[in-house]
Amino acid sequence: MLVLFDTPAGYAIFKLLDEKKLKKVDDLYKHFEDPEDASRMVKLKHFHKFEDTTEALAAATASVEGKMSKGLKKLLKNVVSSDVQEELAVADAKLGSVIKEKFGISCTASREVQELMRGIRLQMSNLVTAISEEDMRKMSLGLAHSLSRYKLKFSPDKVDTMIVQAISLLDDLDKELNNYVMRCREWYGWHFPEMGKIVTDNMAFAKTVKLMGTRSSSATTDFSECLPEDVEEELKKAAEISMGTEISDEDILNITQLCDQILEISDYRAQLYDYLKNRMQAIAPNVTVLVGELVGARLIAHAGSLINLAKHPASTVQILGAEKALFRALKKKHNTPKYGLLYHASLVGQCGAKHKGKIARVLAAKTALASRVDALSEEARTDVGVEHRQIVERRVQFCNDGVVHAISGTGKARAKSETVEVKAEAAASYNPATDSTLSSKKKRKRSEVD
């Protein structure tokens, strides 16, 4: 029996000298406790050394995926093919099936082979004398770094990490922005309380406070950059008769700095939203067409990654984000929720309240299909998303208007909403004599007796 053993430095082919000892699995480790016993158990037949780190990385990647690298194919063709009658022991059963299909060599990957591999690994420095133990350690460390860097760079699961982080940061910015705006309105409200009802927009409020300072300077301040003319006139009139208290210059300075923070966070939020929009269109274009950038990004973040979202069935996609309500309903035996994060999708919002659950179910089914296309397709196309969005829009229009539209594509019969008129002459007249199942003769006898 031959043994295929891969090392960070290259491939090794060992010859198993005593196959009878392989049957005793529990005692197999005893034959590798010292180098002399190991040399009596296996013997190195051939060693193929890697030329550089690139070849070692390619071999390690192929080994992880259960495939054969170019160096392994060349080694098996030159060395093992001459001993076709012998069996080849490999560590991976998937790799063994590939070798058997390619070269016709019988391969085995049993528990005994795993124990044999462990023993060879223990005495590898003594069995493979072509490379020193120090060089083997350096090659192992370099290959580990290269393999980790390769997985981090080319793994498809890591690409959508940017979306998960961006949508989480966007939600955090919204919370902080709301807290800052609320604090600014309350703080400046002590000085000019009437302004809160006049200027309702938060960004316009922060810009106005930054321009005006104290309310006494509102008459000489130009608010044309941030306010309409009618709102500006109303603000100046209210400033003259305001009931607010007087504040110091230091207070105005701190409030102005808070307004600067609000405007900076708002600008960064707009920039982050544009970044998230571009990333979603590049990574999940079909999901973006169906539910939008924000809802699609929240679905991906809640599932963990795009590939995890693609693994979820439509029923799970429908209630993503409503897990607490689901388990509460199951515990109390109430009705389960009909939607989770999909409630915020524009298509669900277009229909009435009694049809939202129905549209959420249809949208979840289409979103599940779109996520699988985005995760597994090699081409970034939006054909599936556009087609499915048209189907959901027709369903929404049917629920709102009560008019049946073509739900499927061309080639299928179009459903039509036609009223059915029943003609008077075609309707059967009512015969009261048919109500009784008894014959008329028996009825006459009973009437005579009475």
Side-chain angles (χ1 to χ4, degrees), residues 160-172 174-175 272-273 276-330 334-377 381-401 405 407-408:
D160 47 19
T161 305
M162 308 302 173
I163 292 178
V164 175
Q165 298 297 330
I167 191 62
S168 301
L169 179 58
L170 194 66
D171 292 338
D172 292 340
D174 288 336
K175 293 178 182 178
L272 184 64
Y273 175 74
L276 178 63
K277 183 178 179 180
N278 295 332
R279 295 295 295 176
M280 281 296 296
Q281 290 177 352
I283 296 175
N286 293 287
V287 175
T288 304
V289 170
L290 270 175
V291 297
E293 299 87 7
L294 294 179
V295 178
R298 287 191 176 94
L299 288 174
I300 294 174
H302 200 82
S305 64
L306 181 60
I307 192 67
N308 288 344
L309 180 63
K311 293 177 182 178
H312 287 325
S315 58
T316 305
V317 175
Q318 183 179 352
I319 59 172
L320 275 180
E323 288 81 4
K324 289 184 179 179
L326 173 65
F327 291 115
R328 190 189 311 119
L330 293 175
H334 293 167
N335 294 331
T336 56
K338 297 179 180 179
Y339 32 69
L341 294 171
L342 286 180
Y343 180 80
H344 302 286
S346 60
L347 289 172
V348 177
Q350 292 175 8
C351 60
K354 63 179 181 179
H355 299 301
K356 287 185 183 294
K358 184 183 296 184
I359 298 303
R361 183 171 64 252
V362 177
L363 184 60
K366 302 305 179 185
T367 305
L369 294 176
S371 63
R372 291 162 193 168
V373 173
D374 291 334
L376 305 176
S377 178
R381 300 175 61 183
T382 59
D383 300 345
V384 177
V386 172
E387 181 182 356
H388 288 175
R389 185 178 179 87
Q390 291 175 356
I391 294 173
V392 180
E393 285 176 349
R394 294 192 192 104
R395 193 64 178 267
V396 171
Q397 191 173 1
F398 166 70
C399 292
N400 292 335
D401 303 338
H405 294 269
I407 297 178
S408 59

- request: Locate the shortest heavy-atom distance separating C351 from V396; write the atom from each residue and the value.
  value: CB-CG1, 4.2 Å
task: Would you give the length of the straight line joining atom NE2 of H312 to atom CD1 of I307, rounded to the nearest 0.5 angstrom?
output: 11.0 Å
statement: Heavy atoms of A310 and A375 approach each other most closely as CB-CB, 3.9 Å
Shortest non-hydrogen contact between G357 and Y339, atoms and distance: N-CE2, 3.9 Å
message: Applying the side-chain contact (heavy atoms from CB on, under 4.5 Å) criterion to V373, which one of T382, V287, V384 satisfies it?
response: V384
Salt bridge (charged side-chain N to carboxylate O under 4.0 Å, His left out) partners of R381, counting only residues at least two apart: E379, D383
- prompt: Yes or no on side chain to side chain contact (heavy atoms under 4.5 Å, CB included) for H302 and L341, after CA distance, side-chain angles and deciding distance?
  reply: CA-CA 9 Å; H302 200 82; L341 294 171; 4.1 Å; yes
message: Testing the basics here: between A368 and V317, what is the closest heavy-atom pair and its distance to 0.1 Å?
response: CB-CG2, 4.4 Å
message: Once rounded to the nearest 0.5 Å, what's the spacing between atom CG of L320 and atom CZ of R298?
response: 13.5 Å
task: Give the intermediate values and the outcome of side chain to side chain contact (heavy atoms under 4.5 Å, CB included) for residues K366 and R395.
output: CA-CA 12 Å; K366 302 305 179 185; R395 193 64 178 267; over 6 Å; no
query: What do the steps show when you test L169 against Q165 for side chain to side chain contact (heavy atoms under 4.5 Å, CB included), and what is the final call?
result: CA-CA 6 Å; L169 179 58; Q165 298 297 330; over 6 Å; no
- line: Of all heavy-atom pairs linking L342 and V348, the shortest is O-CG2, 3.3 Å
More than 12 heavy atoms from other groups under 6.0 Å of OH on Y273: yes
task: Any chance you could measure I300, atom CD1, to T288, atom OG1, to the nearest 0.5 Å?
output: 7.0 Å
- prompt: Atom CG of L347 and atom CD1 of I391: how far apart are they, to the nearest 0.5 Å?
  reply: 12.0 Å
field: Atom pair CG/CE of D374 and M280 - distance to nearest 0.5 Å
entry: 8.0 Å
- prompt: In chain order, what residues pass the side-chain hydrogen bond (donor to acceptor under 3.5 Å, both in side chains) check against N308, with sequence neighbours excluded?
  reply: S305
query: Is a side-chain donor or acceptor of N286 paired with a backbone partner of H388 at a separation under 3.5 angstrom?
result: no
- request: Please check if the side chain of Q318 supplies one atom and the backbone of K338 the other of a donor-acceptor pair under 3.5 Å.
  value: yes
- prompt: In Å, rounded to the nearest 0.5 Å, how long is the span from CG of L272 to CZ of R279?
  reply: 12.5 Å
message: Checking E393 now: which residues fulfil salt bridge (charged side-chain N to carboxylate O under 4.0 Å, His left out) with it, not counting sequence neighbours?
response: R389
message: Heavy-atom count check: over 12 atoms from other residues, nucleotides or ligands less than 6.0 Å from K277 NZ?
response: no
message: If I compare all heavy atoms of I319 with all of S315, which pair ends up nearest, and what's the gap?
response: CG1-O, 3.5 Å
